[in-house]
Amino acid sequence: MTLRADAPPATRIRRFGRAQRWVHRTTAALMGVCVATAACLYIPQFAELVGRRELVVRIHEWAGLALPVPVLAGLASRAFRADLGFLNRFGPHDRRWLHAALHRDKRPSSRPAGKFNAGQKIYASWIAGATLVMLGTGLLMWFTHLTPIQWRTSATFVHDWLALTIGIVLAGHIGMALGDPEARRGLRTGLVSKEWAEREHSLWRH
């Protein structure tokens, strides 16, 4: 069933507040800069098109260092901390959701979810861990005089291959978001339709 974009306000409920939306947008922007500059550094065609490699390297480094800042700033918000709590809890209904997803069962009744479904929880945990690993390996590559060459070589290997993996995972994340306009509305305006919430997040006590 297609949800009407002009649904009356009375049928909408609040999914995200200002803090959650700000954290998501700022983190997405910084991640986008990291991905774009990484592409310019590693893909010869982009490198030739952009040039100024030293400037691109500096932008990439500073955007990477700033990646954790929005989340750390968001901790000042009680609503954001509550959402982190939801993301960190994995219950029996999440295992049911994953089982249905693996078996391509798209019935809403087979995919129970709270405010966040199991796929969103796994993605959030994975991207948070990957960001920390990228930050750590990036620092080892940046401060070359502080570590032995074996560490720098290993850090470069992990950084490069994890960057490729992050690019693929982000492409999947964006693709799924493009397929769910109501979820995008929730991140853009903070509001979603009550019908969508009851269908996609039946266990969410909004």
Side-chain angles (χ1 to χ4, degrees), residues 1-32 67-68 70-133 165-206:
M1 181 182 296
T2 302
L3 295 169
R4 294 182 56 190
D6 57 348
T11 66
R12 297 176 189 163
I13 56 178
R14 181 159 298 280
R15 181 163 172 80
F16 298 116
R18 184 176 299 176
Q20 296 102 309
R21 302 200 308 275
W22 178 86
V23 171
H24 185 270
R25 291 172 184 172
T26 310
T27 302
L30 290 170
M31 184 66 78
L67 260 178
V71 173
L72 294 176
L75 293 176
S77 164
R78 179 180 299 177
F80 181 72
R81 295 197 304 271
D83 277 357
L84 288 182
F86 293 139
L87 285 168
N88 286 330
R89 286 196 291 270
F90 205 89
H93 62 279
D94 293 309
R95 286 188 283 275
R96 284 183 56 196
W97 191 99
L98 284 175
H99 182 271
L102 290 173
H103 288 81
R104 300 183 182 278
D105 185 349
K106 297 184 179 181
R107 294 173 302 163
S109 59
S110 67
R111 296 191 178 194
K115 185 171 186 179
F116 302 101
N117 62 44
Q120 291 167 331
K121 292 177 180 181
I122 291 174
Y123 170 78
S125 299
W126 186 88
I127 199 68
T131 298
L132 292 176
V133 173
T165 306
I166 288 174
I168 295 172
V169 172
L170 283 177
H173 177 68
I174 294 171
M176 294 188 70
L178 291 175
D180 193 342
E182 194 67 16
R184 296 202 310 275
R185 182 211 293 266
L187 283 169
R188 187 176 68 254
T189 68
L191 301 174
V192 294
S193 72
K194 188 174 181 180
E195 179 187 2
W196 177 88
E198 291 175 346
R199 186 182 71 244
E200 300 294 335
H201 300 271
S202 57
L203 302 180
W204 174 29
R205 300 294 180 258
H206 45 75

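Ring orientation note: the planes of H173 and Y123 are close to parallel, at an angle under 30° on the 30°/60° scale.
With sequence neighbours left out, the side-chain hydrogen bond (donor to acceptor under 3.5 Å, both in side chains) criterion links Q20 to D83.
Panel note: side chain R14, backbone F16; a donor-acceptor pair is recorded below 3.5 Å. Put simply, the side chain of R185 never gets that close to the backbone of V192: no donor and acceptor are under 3.5 Å apart. Judged purely by atom type and a 3.5 angstrom limit, H103 uses its side chain to pair as donor or acceptor with the backbone of H99. When atom types are taken as modelled, the side chain of R89 and the backbone of L84 share no donor-acceptor pair closer than 3.5 angstrom. No donor-acceptor distance shorter than 3.5 angstrom exists from the side chain of S202 to the backbone of E198, with no hydrogens or angles considered. Proximity of a side-chain donor or acceptor of H201 to a complementary backbone N or O of A113 within less than 3.5 Å is not detected. Between the R199 side chain and the P108 main chain, no donor and acceptor come within less than 3.5 Å of each other. Under the 3.5 Å distance criterion, the side-chain polar atoms of R184 are matched with a main-chain donor or acceptor of L178. In this structure, the side chain of R205 does not engage the main chain of G114 through any donor-acceptor pair within 3.5 Å. The main-chain N or O of A197 is never found under 3.5 Å from a side-chain atom of E200 such that the two would form a donor-acceptor pair.
Within 6.0 Å of CZ in R81 there are more than 12 heavy atoms belonging to other residues, nucleotides or ligands.
Considering all non-hydrogen atoms of both residues, M31 and L170 come closest at CG-CD1, 3.5 Å. Nearest approach of I122 to F90, heavy atoms of both residues: CG1-CE1, 4.3 Å. Of all heavy-atom pairs between R25 and L187, the closest is NH2-O, 3.6 Å. Closest non-hydrogen pair, L67 versus P70, comes out as O-CD, 3.2 Å. Here the closest heavy-atom approach between residue P112 and residue S109 is recorded as CD-O, 4.2 Å.
Between L203 and H93, some side-chain heavy-atom pair lies under the 4.5 Å cut-off.
Rounding to the nearest 0.5 angstrom, the gap separating the CG atom in D94 from the CZ atom in F116 is 12.0 Å. With rounding to the nearest 0.5 Å, the separation of OG in S193 from CD in E182 is 4.0 Å. The distance from atom OG1 of T131 to atom CH2 of W126, rounded to the nearest 0.5 Å, is 8.0 Å. Taken to the nearest 0.5 Å, the CG atom of L98 stands 9.5 Å off from the CZ atom of R111. Note that CD1 of I13 and NZ of K194 are 7.5 Å apart. Values are rounded to the nearest 0.5 Å.
Relative to the ring axis of W204, R15 places its NZ or CZ within 45° and under 6.0 Å from the centre.
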